[in-house]
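Single-structure report; data block below.
Remember, it's 1-based here, ligands and their atoms both numbered in the order they're listed.
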Amino acid sequence: MLRRCVTEMSENYTMQDLVRVKVVSDYDQMSDVASELVIGLLKQRPQSVIGFATGGTPVGLYKRLVSAYERRDIDFSQVTTFNLDEYLGLERSNPNSYCYYMYENLFSLVNVRHENVFIPDGMSQSPERACEEYENAILHAGGIDLQILGIGSNGHIGFNEPGTAFGCSTHIVALADETVKANARFFDSDELVPRHAISMGIKSIMRARQIVHSRPKKAHAMARALPH
Ligand code: PGA
């Protein structure tokens with residue numbers, strides 16, 4: 001049974017070849033495996049482009065990256081980062097924004113250059129244009145070398161809810177009720193949870209050269225996402 005799993009994906013292989021599943025015993029071990037992949041990549045290619053995710057899943061990974069940085073094992077000075085998604089209508093300084101989360105859990109704790117940090121602008125006056133510019137910025141950076149992913153209980157990745165077209169690049173999404181409910185735990189009341197977000201699309205995510213996809217306690221969603 002898949003209790004915890006980490007999968008890696010890359011291009012240039014058939015679907016069966018390109019997904020590797022690793023079942024581990026607990027959250028710490030899952031975070032160890034994910035951090036080994038990221039640390040290995042950063043050592044090999046210090047100018048890597050990394051796609052980051054928010055939520056509970058990658059917190060252990062980020063702690064390990066901060067420790068590796070403090071041990072001087074890795075350096076973020078040449079790294080470029082792209083985040084998967086951001087709520088529409090939340091200031092970056094709002095503790096529930098994904099920008100705030102990333103600075104609190106990782107970016108303020110390592111030497112990443114702020115000009116190399118890309119997070120969709122949830123306060124843009126022109127969200128459609130912000131989506132287009134975000135997608136262009138990913139392409140301009142040479143694409144994402146490694147994308148970190150979690151999975152929602154309804155199977156969403158980023159904020160791509162079930163049924164999202166595979167050909168979607170960065171776009172504006174209406175959050176499913178299930179997602180709003182799941183995220184309400186972080187807000188003072190359900191009414192404060194934004195109903196819309198900007199999210200990288202499935203196409204943007206699948207263009208990443210490697211994906212680390214992990215989630216404890218959502219084996220049902222993960223199992224359905226894997227090729228049979
Ligand atoms: P989680 O969220 O990491 O907090 O489980 C993942 C998601 O909903 O995409």
Modelled atom types, side-chain donor and acceptor of Y134 and H171, under 3.5 Å: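 Checked: Y134/H171 side chains show no N/O donor-acceptor pair below 3.5 Å.
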
Donor + acceptor pair across side chains of S189, E191 (<3.5 Å):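 E191 and S189 do have a side-chain donor-acceptor pair below 3.5 Å.
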
For [X], atoms of ligand 1 separated by under 4.0 Å from a heavy atom:
X: G55; answer: 3 (O), 4 (O)
X: R185; answer: 4 (O)
X: G56; answer: 1 (P), 3 (O), 4 (O)

Reference residue V110; test side chain to side chain contact (heavy atoms under 4.5 Å, CB included); the match among I74, L65, V66, D75: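 Result for side chain to side chain contact (heavy atoms under 4.5 Å, CB included) with V110: V66.
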
Geometric N/O contact H156 with ligand 1, under 3.5 angstrom: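 By distance alone, the answer is yes.
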
Residue portion contacting ligand 1 (non-hydrogen atoms closer than 4.0 Å) for E178: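 Within the 4.0 Å criterion, E178 makes no contact with ligand 1.
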
Which segment of I157 sits under 4.0 Å of ligand 1 when only heavy atoms are counted: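 It is neither; nothing of I157 touches ligand 1.
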
Sub-6.0 Å ring centroid separation between F118 and H140: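 Between F118 and H140, the centre distance exceeds or equals 6.0 Å.
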
Validation row, ring centre F82 to ring centre F52 under 6.0 Å: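 Centroid distance F82-F52: not below 6.0 Å, so no.
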
